[in-house]
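Accompanying notes for the structure given below.
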Amino acid sequence: MRVSKYLLSTQKETPANAEVISHQLMLRAGMIRRNASGLYSWLPSGLRVLRKVEAIVREEMNNAGAIEILMPLVQPADLWVETGRWEKFGPELLRFQDRHNRDFVLGPTHEEVITDLVRKELSSYKQLPLNLYQVQTKFRDEVRPRFGVMRAREFLMKDAYSFHLDQQTMDETYQSMYTAYSNILSRMGLEFRPVLADTGSIGGSVSHEFHVLANSGEDLIAYSTGSDYAANIEKAESPMPTQTRQAPTQELKLVDTPNAKTIAELVEQFGLAITQTVKTLIVKGAAEDAPLVALVVRGDHELNEIKADKLEAVASPLEFATEAEIRAAIGAGPGSLGPVGLSMPIIIDHSVAVLSDFAAGANQDDKHLFGINWERDLPLATSADIRNVVEGEPTPDHLGTYAMARGIEVGHIFQLGTNYSKSMNATVLDENGKAQVLLMGCYGVGVSRIVAAAIEQNHDDRGIIWPEAIAPFQVGILPMNMHKSHRVAEIAEKLYADLQAKGIEVLMDDRKERPGVMFADMELIGLPHVVVIGDRNIDEGVFEYKNRRTGEKQNIPFDDIIDFLTASN
RNA sequence: CGGUGAUUAGCGCAGCCCGGUAGCGCAUCUCGUUUGGGACGAGAGGGUCAGAGGUUCGAAUCCUCUAUCACCGACCA
C-alpha cells in the first residue's frame with residue numbers, strides 16, 4: 001500500500017476525550033473514529049489489525065475442532081422470555097419492536113439463539129460433542145462506555161458454544177478452549193494470565209478469565225507467588241486463619257468516639273491496631289423475616305460483594321441498606337455499627353471469628369465498644385469467606401502468597417451445565433433412546449478489546465509498537481526525498497514491488513513530506529520494521545533498517561534485505 | 001442512575017465575568033523556497049458559537065429548558 005492512496009488519518013494532538021493510552025493512540029494513529037457514545041467506526045489501519053486478530057482467533061478455534069457458523073445480531077424476544085433473561089437481563093439488553101410490534105433484542109450474547117438452533121438440529125448423542133462458534137458484533141447498552149473500544153457498546157466478539165451429554169467430553173472441550181485461548185494470546189505476543197473467575201449473570205460452575213496484564217486494566221487479579229493459582233479478586237479465596245481465638249484479656253468498655261466515623265479515624269484517635277477493629281455493613285436480606293443482614297469484616301479488609309451476594313441470607317442482587325433503613329432498624333448511623341446486641345442475622349468473615357479483644361461500633365451514635373470477645377459479649381456468629389484477599393497472605397493451596405496485578409479481560413470460558421438447555425428443553429436421545437438434556441460450555445473472546453489491550457501493553461511515547469502477528473503492515477518503506485531523487489524513487493519502487501511479490505504487507509510513504517513527518521507517522525502507527533532509503537545510503541549499496549521495538553538500526557546490503565525481512569517476520 | 005465539569009472551524013483551545021455580530025495554534029488548499037526527525041514565507045477556504053425558548057435596539061456572552069460528551073461513584077458475561 002502506498003500512503004498516497006491510503007487513508008492514514010494520523011493526528012498530532014491527543015483528543016481531549018480519550019483517557020487511556022490505547023484509546024488516545026488508536027485515535028491519533030487513525031484506527032478508529034467515534035460516532036456516538038460507545039460506537040466506533042474502524043478506519044483502514046484499525047480494521048487491518050482487527051481482521052488479523054480475528055484471523056488468529058479463527059485459526060486457533062478451527063485447530064481446536066470448533067466449527068464456524070453465523071447467527072443474527074437481532075434476536076426475537078420469545079427466546080429470551082424462555083430462559084427468563086428477558087426479565088433478568090436489565091437495561092443492558094437493548095430492546096425494540098419491529099413494524100408488527102413484535103419484541104426483539106440486539107444480541108448482547110447468543111446462548112438463547114444457539115440453544116434454539118441446536119435443539120432443532122441435534123437429535124442424537126452420536127452428533128456430540130459439538131463446538132460451534134461465530135465472530136459477530138455484540139451490542140450491550142453499557143451504563144458507562146469508556147476507554148474507546150475497550151468498553152464499547154457495540155463490539156466484535158468470538159463466541160463459541162459446546163454441547164455434550166457427559167462431563168468427560170465437557171471437560172475435554174473446556175480444556176481445548178483453555179489451550180486455544182492461551183495459543184491465541186501467545187501468538188499475538190501478549191503477556192496474559194488465565195484466572196479462576198466468577199460466572200456472573202451467564203451462570204454455570206467452572207469458569208476462567210483470560211487477562212492481558214496492563215496497569216490500566218479494570219480488573220484486579222490475585223495470583224500466587226508459588227504456584228499457578230490465579231483468580232479474579234471477585235473469586236480469589238481467602239485463606240482460613242491458622243491462629244485460634246485467644247482468651248479475653250480486656251473488659252468490654254463503652255467509649256465515646258464523637259469524631260470517629262470511619263475505621264481510619266478510630267484507629268488514629270485511639271491508637272488501636274486496625275486488625276483489632278471490625279466494620280459492620282448492613283445489606284438487604286433474602287428472607288421476609290430478616291429484611292436486613294449484617295456483614296462483618298476486619299477493619300483492614302474489604303467486603304467482596306460477589307461473595308456476599310452468594311450468601312443464602314443475603315438478597316441477590318446485593319443491595320446495601322440506606323442510612324434511613326439502618327437508623328430505623330438500629331437507631332444509629334452507619335459510622336457507629338457493630339455486632340454486639342444487633343437483632344438481625346450476622347455473618348462474619350472467617351478472619352473476624354478468630355479475633356479477641358476487638359473494637360466495633362456500639363449501635364449508638366458516637367460510641368464504640370472496645371474489648372469485645374465472642375461467646376462472652378455475644379454469641380459467635382456464622383462465619384464465611386466474604387472479603388477480598390489482600391497481598392501477602394497465603395493462597396488456598398498454601399504454595400505461595402497472594403500478589404496483585406491489573407488485567408484487561410479479553411477472554412472468558414464457562415461450563416454452563418444445563419442452565420440454558422434445561423429451560424429451553426434442548427435434548428438429544430442417548431444410547432438407550434431416552435431424551436437427555438444437553439450440557440453446555442460457552443467461550444468468548446473480545447476481538448476488538450484485544451486490539452486495545454495489545455496497545456496498552458505495547459507502546460512508547462512515540463506511539464504504538466505492534467506485535468508482529470497483528471501489525472497492520474509488516475514493513476514500512478520511508479524513501480527520503482523520492483520526489484527529488486530519481487535513484488531513491490527507483491530503488492524504493494523496486495523494493496516495494498519485491499516485498500509485495502514475497503507476500504509481505506508493506507506500507508510505502510510516497511508522500512511529498514519532509515522526513516520528520518514521515519518518521520513521526522511511521523512510529524505512531526507502529527509498524528514493526530522500517531526501511532529507510534536515502535541518497536546517503538545508496539552510495540554504499542545498503543538500506544537502513546530500523547526495528548520499531550528495539551529502536552536498533554542496522555545497514556543491510558540491497559541484496560540481503562528480502563531475506564533479512566523474511567527472516568525477521 | 002447520582003455527583004462534577006464541558007459543548008465555539010477537522011483537532012487542541014481563547015473569547016463569556018463586563019452584550020455591539022468570532023479569534024489563535026495545528027490540520028486543509030494555492031504558489032515559492034526547503035528536504036535524514038513533526039520546515040519557512042506569501043496567500044486562501046472553512047463556524048446556525050450543541051439545540052430550543054426568553055431578556056434586549058442588539059446575545060457565543062445574561063436567563064430557562066433540552067440534547068450530547070467526559071470524569072468520579074453506583075453498575076457491569
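Each chain gets a letter, A, B and so on, in the order the sequences are listed, and its residues count up from 1.
- Separation of the P atoms belonging to G20(B) and U30(B) is 38 Å when rounded to the nearest angstrom.
- For the salt bridge (charged side-chain N to carboxylate O under 4.0 Å, His left out) with Glu523(A), the lone residue among Arg549(A), Arg548(A), Arg462(A) that qualifies is Arg462(A).
- C17(B): no Watson-Crick or G-U partner with both key distances under 3.5 Å is found in any strand.
- Glu523(A) contributes a side-chain N or O that forms a donor-acceptor pair with the base of G37(B) under 3.5 Å.
- For Leu39(A) and A70(B), the CG to P distance is 10 Å, given to the nearest whole Å.
- A residue-by-residue look at Arg153(A) and Lys553(A) shows that Lys553(A) has its nearest nucleotide of RNA chain B further toward the 5' end.
- Interface remark: the Lys546(A) side chain does form a donor-acceptor pair with the G37(B) base, using a distance-only criterion of under 3.5 Å.
- As rounded to whole Å, 8 Å separates atom P of C71(B) from atom CG of Asn17(A).
- Distances from the side chain of Val517(A) to the nucleotides A70(B), C11(B), A39(B) place A39(B) closest.
- When the C1' atom is compared between A27(B) and G10(B), the two are found 7 Å apart, to the nearest whole Å.
- Across the strands present, U34(B) finds no partner; the criterion is a Watson-Crick or G-U wobble pair with both atom distances under 3.5 angstrom.
- Across all strands shown, A59(B) has no partner, as no Watson-Crick or G-U wobble contact with both distances under 3.5 Å is found.
- Two rings, from Tyr545(A) and Phe564(A), have their centers less than 6.0 Å apart.
- If you take CZ of Arg144(A) and P of C71(B), they are 5 Å apart, rounded to a whole angstrom.
- The gap from the P atom of A60(B) to that of A50(B) amounts to 10 Å, rounded to the nearest Å.
- On the C1' atoms, G43(B) is 34 Å away from A59(B), given to the nearest whole Å.
- Using N1 to N3 plus N6-O4 or O6-N4 for Watson-Crick, or N1-O2 and O6-N3 for G-U wobble, each under 3.5 Å, G47(B) pairs with nothing.
- Classification of Asp510(A) and Lys5(A) as a salt-bridged pair fails, no side-chain N sitting under 4.0 Å from a carboxylate O.
- For C69(B), the paired base is G5(B) (Watson-Crick or G-U wobble, both distances below 3.5 Å).
- Remark: the Asn537(A) side chain and the G36(B) base include a donor-acceptor N/O pair separated by less than 3.5 Å.
- The pair Arg151(A)-Glu218(A) counts as a salt bridge, with a side-chain nitrogen and a carboxylate oxygen less than 4.0 angstrom apart.
- When the C1' atom of U34(B) is taken as reference, atom CG of Asn481(A) falls 10 Å away, rounded to whole Å.
- Each of G25(B), C69(B), C76(B) was ranked by its minimum atom distance to the side chain of Ser37(A); first place goes to C69(B).
- Contact annotation for Glu319(A): no contact, since no heavy-atom pair falls under 4.0 Å across all strands.
- In terms of position along RNA chain B, the nucleotide closest to Ile533(A) lies nearer the 5' end than the nucleotide closest to the other residue of the pair Ile533(A) and Gly444(A).
- Annotation: A44(B) and G51(B) have their P atoms spaced 28 Å apart (nearest Å).
- Using a 4.0 Å heavy-atom cutoff across all strands shown, Thr14(A) reaches sugar-phosphate atoms only and no base atom.
- Comparing G15(B) with A6(B), their P atoms sit 12 Å apart, to the nearest whole Å.
- Within the nucleic acid shown, Arg33(A) has no heavy atom closer than 4.0 Å to any nucleic acid atom.
- Between Met522(A) atom CE and G37(B) atom P there is a gap of 16 Å when expressed in whole angstrom units.
- In summary, the side chains of Gln167(A) and Asp171(A) do present a donor paired with an acceptor at a separation below 3.5 Å, with no hydrogens or angles considered.
- The shortest non-hydrogen separation linking Ser207(A) to His412(A) is OG-NE2, 2.6 Å.
- Atom P of nucleotide C75(B) and atom CG of Leu318(A) are separated by 8 Å, given to the nearest angstrom.
- Checked against C75(B), C11(B), G36(B), the side chain of Arg146(A) finds its nearest nucleotide in C75(B).
- Taking atom C1' on both G12(B) and G38(B), the two are 16 Å apart, rounded to the nearest angstrom.
- Rounded to a whole angstrom, the distance from the C1' atom of G19(B) to that of U61(B) is 6 Å.
- The number of heavy atoms from other shown groups lying within 6.0 Å of CD (Glu191(A)) does not exceed 12.
- Counting only heavy atoms from C-beta on, Arg28(A) has its side chain closest to G38(B) among C75(B), G25(B), G38(B).
- Of all nucleotides present, none satisfies the Watson-Crick or G-U wobble test against A74(B) with each distance under 3.5 Å.
- As a whole-Å value, the separation of Lys512(A) NZ from A39(B) P is 16 Å.
- For Arg34(A), the listed nucleotide lying nearest its side chain is C69(B); candidates were C69(B), A27(B), C71(B).
- Among the protein residues, Glu13(A) comes within range of the nucleic acid bases, having at least one heavy atom under 4.0 Å from a base atom.
- Base-pair partner of G10(B): C26(B) (Watson-Crick or G-U wobble, both distances under 3.5 Å).
- Side-chain atoms of Asp521(A) lie closest to G38(B) of the nucleotides G36(B), G38(B), C11(B).
- In this structure, CZ of Arg514(A) is placed 5 Å from C1' of U35(B), rounded to the nearest angstrom.
- The pair Glu154(A)-Lys138(A) fails the salt-bridge criterion, with no side-chain N (NZ, NE, NH1 or NH2) lying under 4.0 Å from an Asp/Glu carboxylate O.
- Here the side chain of Ala16(A) is nearest to one of C13(B), G36(B), C76(B), namely C13(B).
- Residue contacts shown for Glu544(A) include a base, since a base heavy atom lies under 4.0 Å away.
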